[in-house]
Protein chains: 2
Amino acid sequence: MSVAELDDPAGESTTPRPAVTRRAQRREQQTARILDAAKKCFVRSGFQGASMQEICNEAGMSPGALYRYFPSKESIIEAISEAQQQQDAEMLSAMLDNPSVIDGFVEASMAHIRKVHEHGTAALFTEVRAEAMRNEMVRTGCERSMHQVRDALRNYFQKALDRGDIRPRVDLDTLLTVMMALGEGLILNDLPSQGVPMEKIETLMRSAAISNLRPRGYEEQKIG
Amino acid sequence: MSVAELDDPAGESTTPRPAVTRRAQRREQQTARILDAAKKCFVRSGFQGASMQEICNEAGMSPGALYRYFPSKESIIEAISEAQQQQDAEMLSAMLDNPSVIDGFVEASMAHIRKVHEHGTAALFTEVRAEAMRNEMVRTGCERSMHQVRDALRNYFQKALDRGDIRPRVDLDTLLTVMMALGEGLILNDLPSQGVPMEKIETLMRSAAISNLRPRGYEEQKIG
DNA sequence: CCAAAAAGAGCGAACGTTCACTCTCGAATT
DNA sequence: AATTCGAGAGTGAACGTTCGCTCTTTTTGG
(Lines give C-alpha, C1' and ligand atoms only; values in the text may rest on other atoms or scores of the structure.)
Protein backbone atom coordinates (compact mmCIF):
# COMPACT_ATOMS: atom_id res chain seq x y z
CA MET A 1 0.00 0.00 0.00
CA SER A 2 2.44 2.59 1.20
CA VAL A 3 5.00 1.35 -1.22
CA ALA A 4 2.55 1.43 -4.08
CA GLU A 5 1.67 5.04 -3.34
CA LEU A 6 5.30 6.04 -3.19
CA ASP A 7 6.49 4.80 -6.51
CA ASP A 8 3.77 3.90 -8.93
CA PRO A 9 4.97 5.42 -12.19
CA ALA A 10 1.57 5.51 -13.89
CA GLY A 11 -0.54 6.29 -10.82
CA GLU A 12 -2.68 3.17 -11.21
CA SER A 13 -2.26 1.96 -7.66
CA THR A 14 -5.41 -0.10 -7.36
CA THR A 15 -5.32 -1.79 -10.74
CA PRO A 16 -2.80 -4.66 -10.95
CA ARG A 17 -1.18 -3.57 -14.20
CA PRO A 18 2.64 -3.42 -13.92
CA ALA A 19 2.52 -7.18 -13.51
CA VAL A 20 6.05 -8.60 -13.54
CA THR A 21 7.93 -5.53 -12.43
CA ARG A 22 6.32 -4.57 -9.15
CA ARG A 23 7.25 -7.64 -7.14
CA ALA A 24 10.78 -7.71 -8.49
CA GLN A 25 11.15 -4.01 -7.77
CA ARG A 26 10.00 -4.49 -4.22
CA ARG A 27 12.38 -7.37 -3.81
CA GLU A 28 15.29 -5.25 -4.87
CA GLN A 29 14.30 -2.49 -2.52
CA GLN A 30 14.01 -4.83 0.42
CA THR A 31 17.26 -6.54 -0.38
CA ALA A 32 19.04 -3.21 -0.48
CA ARG A 33 17.35 -2.22 2.76
CA ILE A 34 18.68 -5.31 4.48
CA LEU A 35 22.19 -4.83 3.12
CA ASP A 36 22.20 -1.21 4.27
CA ALA A 37 21.08 -2.17 7.75
CA ALA A 38 23.55 -5.05 7.93
CA LYS A 39 26.40 -2.79 6.88
CA LYS A 40 25.62 -0.43 9.76
CA CYS A 41 25.42 -3.30 12.23
CA PHE A 42 28.64 -4.89 11.03
CA VAL A 43 30.49 -1.61 11.33
CA ARG A 44 29.09 -1.22 14.83
CA SER A 45 29.54 -4.77 16.13
CA GLY A 46 31.59 -6.77 13.65
CA PHE A 47 30.49 -9.70 11.52
CA GLN A 48 30.43 -12.17 14.38
CA GLY A 49 29.30 -9.66 16.98
CA ALA A 50 26.21 -8.42 15.16
CA SER A 51 23.15 -10.61 15.68
CA MET A 52 20.41 -11.23 13.18
CA GLN A 53 18.00 -9.59 15.61
CA GLU A 54 20.14 -6.46 15.57
CA ILE A 55 20.04 -6.42 11.78
CA CYS A 56 16.29 -7.01 11.79
CA ASN A 57 15.73 -4.11 14.15
CA GLU A 58 17.95 -1.84 12.08
CA ALA A 59 16.07 -2.83 8.92
CA GLY A 60 12.66 -2.54 10.63
CA MET A 61 11.83 -6.08 9.68
CA SER A 62 11.04 -9.39 11.33
CA PRO A 63 13.39 -12.38 11.11
CA GLY A 64 10.78 -14.24 9.07
CA ALA A 65 10.75 -11.44 6.53
CA LEU A 66 14.51 -11.11 6.40
CA TYR A 67 14.98 -14.81 5.78
CA ARG A 68 12.89 -14.52 2.65
CA TYR A 69 15.69 -12.47 1.14
CA PHE A 70 18.82 -14.11 2.52
CA PRO A 71 19.10 -17.78 3.44
CA SER A 72 21.68 -17.23 6.17
CA LYS A 73 23.78 -14.71 8.01
CA GLU A 74 26.82 -15.81 6.11
CA SER A 75 25.13 -15.06 2.80
CA ILE A 76 24.66 -11.47 3.98
CA ILE A 77 28.30 -11.24 4.98
CA GLU A 78 29.32 -12.56 1.59
CA ALA A 79 27.02 -10.18 -0.27
CA ILE A 80 28.36 -7.22 1.65
CA SER A 81 32.04 -7.97 1.35
CA GLU A 82 31.49 -8.82 -2.29
CA ALA A 83 29.79 -5.51 -3.00
CA GLN A 84 32.33 -3.60 -0.95
CA GLN A 85 35.32 -5.05 -2.75
CA GLN A 86 33.72 -4.95 -6.17
CA GLN A 87 32.82 -1.31 -5.79
CA ASP A 88 36.33 -0.38 -4.67
CA ALA A 89 37.95 -2.37 -7.44
CA GLU A 90 35.81 -0.83 -10.17
CA MET A 91 36.36 2.67 -8.98
CA LEU A 92 40.10 2.21 -8.77
CA SER A 93 40.46 0.61 -12.17
CA ALA A 94 38.36 3.31 -13.76
CA MET A 95 40.68 6.03 -12.56
CA LEU A 96 43.83 4.65 -14.12
CA ASP A 97 43.46 6.21 -17.57
CA ASN A 98 45.60 9.22 -16.77
CA PRO A 99 48.52 9.42 -19.24
CA SER A 100 50.91 10.51 -16.49
CA VAL A 101 51.76 7.42 -14.49
CA ILE A 102 52.50 9.29 -11.30
CA ASP A 103 49.42 11.48 -11.47
CA GLY A 104 47.16 8.58 -12.40
CA PHE A 105 48.39 6.39 -9.60
CA VAL A 106 48.40 9.11 -6.97
CA GLU A 107 44.97 10.40 -7.92
CA ALA A 108 43.42 6.94 -7.91
CA SER A 109 44.88 6.26 -4.48
CA MET A 110 43.77 9.59 -3.10
CA ALA A 111 40.26 9.16 -4.45
CA HIS A 112 40.02 5.80 -2.75
CA ILE A 113 41.30 7.11 0.56
CA ARG A 114 38.90 10.03 0.37
CA LYS A 115 35.93 7.79 -0.36
CA VAL A 116 36.67 5.36 2.45
CA HIS A 117 36.99 8.28 4.82
CA GLU A 118 33.76 9.96 3.69
CA HIS A 119 31.69 6.78 3.88
CA GLY A 120 33.26 5.73 7.17
CA THR A 121 33.95 2.28 5.77
CA ALA A 122 37.43 1.90 7.23
CA ALA A 123 35.99 -0.30 9.98
CA LEU A 124 34.14 -2.44 7.46
CA PHE A 125 37.29 -2.76 5.42
CA THR A 126 39.22 -4.01 8.44
CA GLU A 127 36.40 -6.38 9.28
CA VAL A 128 36.40 -7.85 5.80
CA ARG A 129 40.15 -8.38 5.96
CA ALA A 130 39.90 -10.09 9.35
CA GLU A 131 37.03 -12.29 8.23
CA ALA A 132 38.97 -13.21 5.09
CA MET A 133 41.58 -14.81 7.34
CA ARG A 134 39.16 -17.59 8.28
CA ASN A 135 36.07 -17.50 6.02
CA GLU A 136 36.98 -19.05 2.72
CA MET A 137 34.21 -17.45 0.70
CA VAL A 138 35.14 -14.01 1.93
CA ARG A 139 38.80 -14.68 1.30
CA THR A 140 38.10 -15.79 -2.25
CA GLY A 141 36.09 -12.66 -2.98
CA CYS A 142 38.79 -10.57 -1.39
CA GLU A 143 41.48 -12.13 -3.52
CA ARG A 144 39.44 -11.80 -6.67
CA SER A 145 38.90 -8.08 -6.28
CA MET A 146 42.54 -7.56 -5.34
CA HIS A 147 43.54 -9.34 -8.50
CA GLN A 148 41.24 -7.06 -10.40
CA VAL A 149 42.96 -3.98 -9.02
CA ARG A 150 46.32 -5.60 -9.45
CA ASP A 151 45.71 -6.41 -13.09
CA ALA A 152 44.52 -2.90 -13.85
CA LEU A 153 47.61 -1.50 -12.16
CA ARG A 154 49.87 -3.98 -13.90
CA ASN A 155 48.46 -3.09 -17.28
CA TYR A 156 48.88 0.58 -16.49
CA PHE A 157 52.47 0.23 -15.33
CA GLN A 158 53.39 -2.15 -18.15
CA LYS A 159 52.33 0.36 -20.76
CA ALA A 160 54.40 3.05 -19.07
CA LEU A 161 57.29 0.61 -18.92
CA ASP A 162 57.00 -0.10 -22.66
CA ARG A 163 57.00 3.61 -23.36
CA GLY A 164 60.13 3.88 -21.24
CA ASP A 165 58.35 6.30 -18.92
CA ILE A 166 59.32 4.47 -15.75
CA ARG A 167 62.36 2.49 -14.61
CA PRO A 168 61.41 0.58 -11.44
CA ARG A 169 64.23 -1.00 -9.49
CA VAL A 170 62.45 -4.35 -9.14
CA ASP A 171 60.27 -6.59 -11.26
CA LEU A 172 56.70 -5.57 -11.90
CA ASP A 173 55.13 -8.25 -9.68
CA THR A 174 57.05 -7.22 -6.61
CA LEU A 175 56.45 -3.57 -7.34
CA LEU A 176 52.70 -4.14 -7.55
CA THR A 177 52.55 -6.15 -4.36
CA VAL A 178 54.35 -3.58 -2.31
CA MET A 179 52.49 -0.64 -3.81
CA MET A 180 49.20 -2.28 -2.95
CA ALA A 181 50.32 -3.09 0.57
CA LEU A 182 51.19 0.55 1.01
CA GLY A 183 47.75 1.59 -0.20
CA GLU A 184 46.05 -0.80 2.18
CA GLY A 185 48.01 0.51 5.13
CA LEU A 186 46.89 4.01 4.29
CA ILE A 187 43.26 2.98 3.99
CA LEU A 188 43.32 0.88 7.15
CA ASN A 189 44.65 3.79 9.17
CA ASP A 190 42.11 6.24 7.78
CA LEU A 191 44.60 9.07 8.11
CA PRO A 192 42.14 11.90 7.40
CA SER A 193 40.22 10.93 10.54
CA GLN A 194 43.47 11.31 12.49
CA GLY A 195 43.75 14.88 11.35
CA VAL A 196 46.30 14.39 8.58
CA PRO A 197 45.29 16.68 5.71
CA MET A 198 44.83 15.17 2.28
CA GLU A 199 47.48 17.39 0.70
CA LYS A 200 50.14 15.99 2.99
CA ILE A 201 49.12 12.42 2.30
CA GLU A 202 49.25 13.22 -1.39
CA THR A 203 52.74 14.72 -1.13
CA LEU A 204 54.21 11.62 0.48
CA MET A 205 52.21 9.27 -1.71
CA ARG A 206 53.69 11.05 -4.69
CA SER A 207 57.22 10.94 -3.39
CA ALA A 208 56.92 7.24 -2.65
CA ALA A 209 55.53 6.62 -6.14
CA ILE A 210 58.36 8.59 -7.73
CA SER A 211 60.93 6.66 -5.77
CA ASN A 212 59.52 3.28 -6.70
CA LEU A 213 58.62 3.97 -10.32
CA ARG A 214 61.47 6.38 -11.10
CA PRO A 215 59.76 8.20 -13.96
CA ARG A 216 61.89 10.04 -16.51
CA GLY A 217 63.17 13.45 -15.52
CA TYR A 218 61.81 13.48 -11.96
CA GLU A 219 65.13 13.23 -10.14
CA GLU A 220 66.27 16.80 -10.71
CA GLN A 221 62.92 18.53 -10.63
CA LYS A 222 61.55 17.05 -7.45
CA ILE A 223 64.48 15.84 -5.41
CA GLY A 224 67.31 18.18 -6.39
CA MET B 1 53.60 -33.59 43.44
CA SER B 2 54.58 -33.66 39.81
CA VAL B 3 55.01 -29.94 39.82
CA ALA B 4 57.19 -30.11 42.92
CA GLU B 5 59.45 -32.67 41.32
CA LEU B 6 59.84 -30.63 38.20
CA ASP B 7 60.97 -27.36 39.59
CA ASP B 8 62.04 -27.41 43.20
CA PRO B 9 65.30 -25.48 43.26
CA ALA B 10 66.55 -26.86 46.61
CA GLY B 11 65.28 -30.42 46.20
CA GLU B 12 63.09 -30.30 49.32
CA SER B 13 60.02 -31.59 47.60
CA THR B 14 58.13 -33.03 50.54
CA THR B 15 58.65 -30.20 53.00
CA PRO B 16 56.51 -27.20 52.22
CA ARG B 17 59.39 -24.76 52.35
CA PRO B 18 59.31 -22.49 49.29
CA ALA B 19 56.06 -21.26 50.75
CA VAL B 20 55.13 -18.09 48.88
CA THR B 21 56.77 -18.96 45.58
CA ARG B 22 55.23 -22.27 44.61
CA ARG B 23 51.63 -21.17 44.21
CA ALA B 24 52.61 -17.97 42.45
CA GLN B 25 54.84 -19.89 40.07
CA ARG B 26 52.07 -22.29 39.22
CA ARG B 27 49.71 -19.38 38.68
CA GLU B 28 52.07 -17.81 36.19
CA GLN B 29 52.49 -21.06 34.31
CA GLN B 30 48.78 -21.63 34.05
CA THR B 31 48.08 -18.05 33.05
CA ALA B 32 50.63 -18.33 30.25
CA ARG B 33 49.10 -21.66 29.25
CA ILE B 34 45.68 -20.07 28.89
CA LEU B 35 47.00 -17.11 26.94
CA ASP B 36 48.86 -19.42 24.57
CA ALA B 37 45.77 -21.51 23.97
CA ALA B 38 43.59 -18.45 23.54
CA LYS B 39 45.98 -16.98 21.02
CA LYS B 40 45.73 -20.11 18.89
CA CYS B 41 41.95 -20.10 19.11
CA PHE B 42 41.66 -16.42 18.27
CA VAL B 43 43.87 -16.85 15.23
CA ARG B 44 41.72 -19.80 14.17
CA SER B 45 38.26 -18.38 14.88
CA GLY B 46 38.54 -14.70 15.73
CA PHE B 47 37.87 -12.97 19.03
CA GLN B 48 34.13 -13.26 18.77
CA GLY B 49 34.13 -16.58 16.98
CA ALA B 50 36.23 -18.50 19.47
CA SER B 51 34.22 -19.92 22.38
CA MET B 52 35.42 -20.34 25.94
CA GLN B 53 34.95 -24.07 25.52
CA GLU B 54 37.29 -24.01 22.53
CA ILE B 55 39.91 -22.20 24.60
CA CYS B 56 39.42 -24.63 27.49
CA ASN B 57 39.93 -27.61 25.21
CA GLU B 58 43.04 -26.08 23.69
CA ALA B 59 44.43 -25.36 27.14
CA GLY B 60 43.46 -28.79 28.48
CA MET B 61 41.50 -27.23 31.28
CA SER B 62 37.91 -27.03 32.50
CA PRO B 63 35.91 -23.80 32.38
CA GLY B 64 35.87 -23.71 36.16
CA ALA B 65 39.65 -23.79 36.25
CA LEU B 66 40.05 -21.21 33.54
CA TYR B 67 37.76 -18.76 35.29
CA ARG B 68 40.06 -18.80 38.30
CA TYR B 69 42.64 -17.01 36.17
CA PHE B 70 40.55 -14.67 34.07
CA PRO B 71 37.23 -13.17 35.15
CA SER B 72 35.81 -12.99 31.62
CA LYS B 73 36.45 -13.64 27.97
CA GLU B 74 37.00 -9.95 27.40
CA SER B 75 39.78 -9.86 29.96
CA ILE B 76 41.60 -12.54 27.95
CA ILE B 77 41.15 -10.54 24.76
CA GLU B 78 42.54 -7.49 26.48
CA ALA B 79 45.50 -9.35 27.92
CA ILE B 80 46.37 -10.83 24.55
CA SER B 81 46.11 -7.68 22.49
CA GLU B 82 48.00 -5.84 25.20
CA ALA B 83 50.86 -8.34 25.17
CA GLN B 84 50.89 -8.53 21.40
CA GLN B 85 51.17 -4.79 20.91
CA GLN B 86 53.58 -4.31 23.78
CA GLN B 87 55.90 -6.96 22.47
CA ASP B 88 55.90 -5.51 18.96
CA ALA B 89 56.47 -2.01 20.22
CA GLU B 90 59.39 -2.97 22.42
CA MET B 91 61.10 -4.97 19.74
CA LEU B 92 60.74 -2.21 17.21
CA SER B 93 62.01 0.53 19.52
CA ALA B 94 64.98 -1.58 20.54
CA MET B 95 66.17 -1.91 16.97
CA LEU B 96 66.40 1.79 16.22
CA ASP B 97 69.91 2.42 17.52
CA ASN B 98 71.57 2.03 14.15
CA PRO B 99 73.54 5.21 13.33
CA SER B 100 72.50 5.01 9.67
CA VAL B 101 68.90 6.21 9.52
CA ILE B 102 68.04 4.25 6.42
CA ASP B 103 69.63 1.02 7.62
CA GLY B 104 68.12 1.32 11.08
CA PHE B 105 64.64 1.95 9.81
CA VAL B 106 64.74 -0.67 7.11
CA GLU B 107 66.22 -3.31 9.41
CA ALA B 108 63.68 -2.66 12.15
CA SER B 109 60.84 -2.93 9.65
CA MET B 110 62.22 -6.08 8.09
CA ALA B 111 62.75 -7.71 11.48
CA HIS B 112 59.15 -6.99 12.35
CA ILE B 113 57.82 -8.35 9.09
CA ARG B 114 59.96 -11.45 9.47
CA LYS B 115 58.78 -12.08 13.01
CA VAL B 116 55.11 -11.68 12.18
CA HIS B 117 55.55 -14.08 9.31
CA GLU B 118 57.43 -16.68 11.35
CA HIS B 119 54.98 -16.63 14.24
CA GLY B 120 51.98 -16.56 11.93
CA THR B 121 50.52 -13.66 13.85
CA ALA B 122 49.33 -11.67 10.84
CA ALA B 123 45.80 -12.92 11.48
CA LEU B 124 45.99 -11.95 15.14
CA PHE B 125 47.28 -8.54 14.16
CA THR B 126 44.31 -8.01 11.84
CA GLU B 127 41.95 -9.27 14.50
CA VAL B 128 43.32 -6.83 17.06
CA ARG B 129 42.94 -3.96 14.62
CA ALA B 130 39.35 -4.94 13.84
CA GLU B 131 38.47 -5.34 17.50
CA ALA B 132 40.05 -1.97 18.26
CA MET B 133 37.39 -0.40 16.03
CA ARG B 134 34.70 -1.21 18.58
CA ASN B 135 36.23 -2.36 21.87
CA GLU B 136 37.45 0.70 23.71
CA MET B 137 39.95 -1.11 25.95
CA VAL B 138 41.57 -2.77 22.96
CA ARG B 139 41.62 0.49 21.05
CA THR B 140 43.31 2.28 23.95
CA GLY B 141 46.01 -0.37 24.19
CA CYS B 142 46.45 -0.26 20.46
CA GLU B 143 46.90 3.49 20.45
CA ARG B 144 49.28 3.42 23.35
CA SER B 145 51.66 0.97 21.73
CA MET B 146 51.47 2.80 18.43
CA HIS B 147 52.42 5.98 20.24
CA GLN B 148 55.33 4.12 21.74
CA VAL B 149 56.62 3.09 18.33
CA ARG B 150 55.87 6.51 16.98
CA ASP B 151 57.82 8.26 19.70
CA ALA B 152 60.82 6.00 19.24
CA LEU B 153 60.74 6.65 15.52
CA ARG B 154 60.26 10.36 16.04
CA ASN B 155 63.24 10.56 18.37
CA TYR B 156 65.31 8.60 15.89
CA PHE B 157 64.35 10.77 12.93
CA GLN B 158 64.66 13.99 14.90
CA LYS B 159 68.25 13.24 15.81
CA ALA B 160 69.06 12.51 12.19
CA LEU B 161 67.30 15.74 11.25
CA ASP B 162 69.40 17.71 13.74
CA ARG B 163 72.56 16.18 12.32
CA GLY B 164 71.39 17.21 8.87
CA ASP B 165 71.42 13.60 7.73
CA ILE B 166 67.94 13.68 6.28
CA ARG B 167 65.83 16.30 4.52
CA PRO B 168 62.21 15.07 4.42
CA ARG B 169 59.81 16.93 2.19
CA VAL B 170 57.12 17.19 4.85
CA ASP B 171 56.93 17.83 8.60
CA LEU B 172 57.99 15.08 10.97
CA ASP B 173 54.46 14.25 12.18
CA THR B 174 53.13 13.59 8.73
CA LEU B 175 56.22 11.67 7.81
CA LEU B 176 55.83 9.40 10.81
CA THR B 177 52.15 8.78 10.20
CA VAL B 178 52.61 7.73 6.62
CA MET B 179 55.69 5.64 7.32
CA MET B 180 53.79 3.72 9.96
CA ALA B 181 50.80 3.25 7.71
CA LEU B 182 53.13 1.79 5.12
CA GLY B 183 54.58 -0.60 7.66
CA GLU B 184 51.16 -1.74 8.75
CA GLY B 185 50.12 -2.41 5.21
CA LEU B 186 53.14 -4.61 4.74
CA ILE B 187 52.50 -6.52 7.96
CA LEU B 188 48.79 -6.94 7.25
CA ASN B 189 49.50 -8.45 3.85
CA ASP B 190 52.15 -10.83 5.18
CA LEU B 191 54.01 -10.66 1.89
CA PRO B 192 56.45 -13.51 2.63
CA SER B 193 53.50 -15.90 2.81
CA GLN B 194 52.49 -14.74 -0.67
CA GLY B 195 55.83 -15.79 -2.02
CA VAL B 196 57.51 -12.41 -2.11
CA PRO B 197 61.13 -12.91 -1.01
CA MET B 198 62.46 -10.80 1.84
CA GLU B 199 65.23 -9.26 -0.25
CA LYS B 200 62.74 -7.79 -2.66
CA ILE B 201 60.63 -6.35 0.13
CA GLU B 202 63.77 -4.87 1.59
CA THR B 203 64.77 -3.28 -1.70
CA LEU B 204 61.48 -1.47 -2.09
CA MET B 205 61.29 -0.62 1.59
CA ARG B 206 64.69 0.98 1.30
CA SER B 207 63.84 2.91 -1.82
CA ALA B 208 60.65 4.23 -0.22
CA ALA B 209 62.61 5.24 2.87
CA ILE B 210 65.22 7.02 0.79
CA SER B 211 62.55 8.86 -1.12
CA ASN B 212 60.74 10.04 1.98
CA LEU B 213 63.73 10.82 4.18
CA ARG B 214 66.09 12.00 1.42
CA PRO B 215 69.32 11.25 3.23
CA ARG B 216 72.51 13.06 2.19
CA GLY B 217 74.31 11.73 -0.85
CA TYR B 218 71.85 9.01 -1.75
CA GLU B 219 70.52 10.57 -4.96
CA GLU B 220 73.52 9.82 -7.13
CA GLN B 221 74.58 6.51 -5.63
CA LYS B 222 71.25 4.77 -5.64
CA ILE B 223 69.04 6.53 -8.14
CA GLY B 224 71.47 7.85 -10.76
C1' DC C 1 56.34 -31.72 64.64
C1' DC C 2 51.95 -32.86 63.41
C1' DA C 3 46.96 -33.00 63.21
C1' DA C 4 43.29 -29.80 62.02
C1' DA C 5 41.63 -26.09 59.64
C1' DA C 6 41.77 -22.95 55.87
C1' DA C 7 42.63 -21.74 51.25
C1' DG C 8 43.38 -22.73 46.50
C1' DA C 9 43.02 -25.43 42.21
C1' DG C 10 40.38 -28.04 39.24
C1' DC C 11 36.40 -30.38 37.39
C1' DG C 12 32.17 -30.76 34.90
C1' DA C 13 27.27 -30.38 35.12
C1' DA C 14 24.06 -26.81 35.06
C1' DC C 15 22.48 -21.90 34.71
C1' DG C 16 20.09 -18.34 32.25
C1' DT C 17 20.61 -16.00 27.99
C1' DT C 18 21.19 -15.35 23.29
C1' DC C 19 22.09 -17.25 18.95
C1' DA C 20 20.75 -18.32 13.97
C1' DC C 21 17.00 -19.91 12.07
C1' DT C 22 11.95 -22.10 11.28
C1' DC C 23 7.01 -22.41 11.48
C1' DT C 24 2.42 -20.98 11.28
C1' DC C 25 -0.88 -18.24 9.86
C1' DG C 26 -3.19 -14.05 8.47
C1' DA C 27 -2.72 -9.99 5.09
C1' DA C 28 -1.57 -8.22 0.80
C1' DT C 29 -0.68 -8.62 -4.10
C1' DT C 30 -1.52 -10.37 -8.67
C1' DA D 1 -8.05 -18.20 -6.59
C1' DA D 2 -3.24 -18.42 -6.23
C1' DT D 3 0.77 -16.83 -4.66
C1' DT D 4 3.87 -14.14 -2.09
C1' DC D 5 4.93 -11.53 1.94
C1' DG D 6 5.54 -10.55 6.71
C1' DA D 7 5.04 -10.85 11.64
C1' DG D 8 6.47 -12.90 15.65
C1' DA D 9 6.27 -16.83 18.69
C1' DG D 10 9.03 -20.73 18.89
C1' DT D 11 13.15 -24.19 18.04
C1' DG D 12 17.28 -26.57 19.65
C1' DA D 13 21.93 -25.54 20.03
C1' DA D 14 25.60 -22.96 21.76
C1' DC D 15 27.10 -19.18 24.35
C1' DG D 16 29.66 -17.11 28.61
C1' DT D 17 29.57 -17.90 33.20
C1' DT D 18 28.65 -20.03 37.89
C1' DC D 19 28.03 -23.57 41.30
C1' DG D 20 28.96 -27.35 44.21
C1' DC D 21 32.09 -30.45 44.86
C1' DT D 22 36.71 -33.11 45.41
C1' DC D 23 41.52 -33.09 45.87
C1' DT D 24 45.86 -30.83 47.02
C1' DT D 25 48.71 -27.45 49.22
C1' DT D 26 49.55 -24.13 52.79
C1' DT D 27 48.86 -22.16 57.33
C1' DT D 28 47.92 -22.56 62.01
C1' DG D 29 47.67 -24.05 67.09
C1' DG D 30 49.18 -26.99 70.52
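So that the names make sense, note that chain A is the first sequence line, chain B the second, and so on, each numbered from 1.
- Using bins of under 30°, 30° to 60° and over 60° for the plane-to-plane angle, the ring pair B/F157/B/F105 lands in the tilted bin.
- Residue A/L66 contributes atom CG, which lies 19 Å from atom P of D/dT4 at whole-angstrom precision.
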Step-by-step salt bridge (Lys or Arg N to Asp or Glu O under 4.0 Å) determination, B/K200 to A/D173: CA-CA 10 Å; B/K200 289 201 176 168; A/D173 274 337; over 6 Å; no
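- Comparing C/dC21, C/dG10, C/dA9 against the side chain of A/K73 picks out C/dC21 as the nearest.
- Nucleic acid contact class of B/A59 (heavy atoms, under 4.0 Å, all strands): none.
- One finds a side-chain N or O of A/S51 lying less than 4.0 angstrom from the OP1 or OP2 phosphate oxygen of C/dC19.
- Side chains of A/S45 and A/E54: a donor-acceptor N/O pair is present below 3.5 angstrom, by distance only.
- At whole-Å resolution of the value, CD in A/Q53 and C1' in D/dA9 are 12 Å apart.
- Remark: A/R27 is in phosphate contact with D/dC5, judged by side-chain N or O atoms under 4.0 Å from OP1 or OP2.
- With D/dG6, D/dT26, C/dC11 as the candidates, the nucleotide lying closest to the side chain of B/R23 is D/dT26.
- Between the CE atom of B/M52 and the P atom of C/dC19 there is a distance of 17 Å, rounded to whole Å.
- The CD-C1' distance, from B/Q48 to D/dA14, rounds to 15 Å in whole Å.
- Rounding to whole angstrom units, OH of residue B/Y67 and C1' of D/dC21 are separated by 20 Å.
- Where A/P63 and B/G64 meet DNA chain C, the nucleotide closest to each residue was compared, and B/G64 sits on the side nearer the 5' end.
- A salt bridge is defined here as a Lys NZ or Arg NE, NH1 or NH2 lying under 4.0 Å from an Asp or Glu carboxylate O, and A/D103 with A/R206 meets this definition.
- In this structure, A/R33 does not reach the D/dG6 phosphate: none of its side-chain N or O atoms is under 4.0 Å from OP1 or OP2.
- Across the protein-nucleic acid pair, B/R68 atom CZ and D/dT17 atom P stand 16 Å apart, rounded to whole Å.
- One atom, CE of A/M61, and another, C1' of D/dA7, lie 12 Å apart when rounded to the nearest Å.
- For D/dG8, neither phosphate oxygen OP1 nor OP2 lies less than 4.0 angstrom from any side-chain nitrogen or oxygen of A/S62.
- Between the C1' atom of D/dC5 and the OH atom of A/Y69 lies a distance of 7 Å, rounded to the nearest Å.
- A salt bridge is absent between B/R139 and B/E131; no separation between the charged side-chain nitrogens and carboxylate oxygens falls under 4.0 Å.
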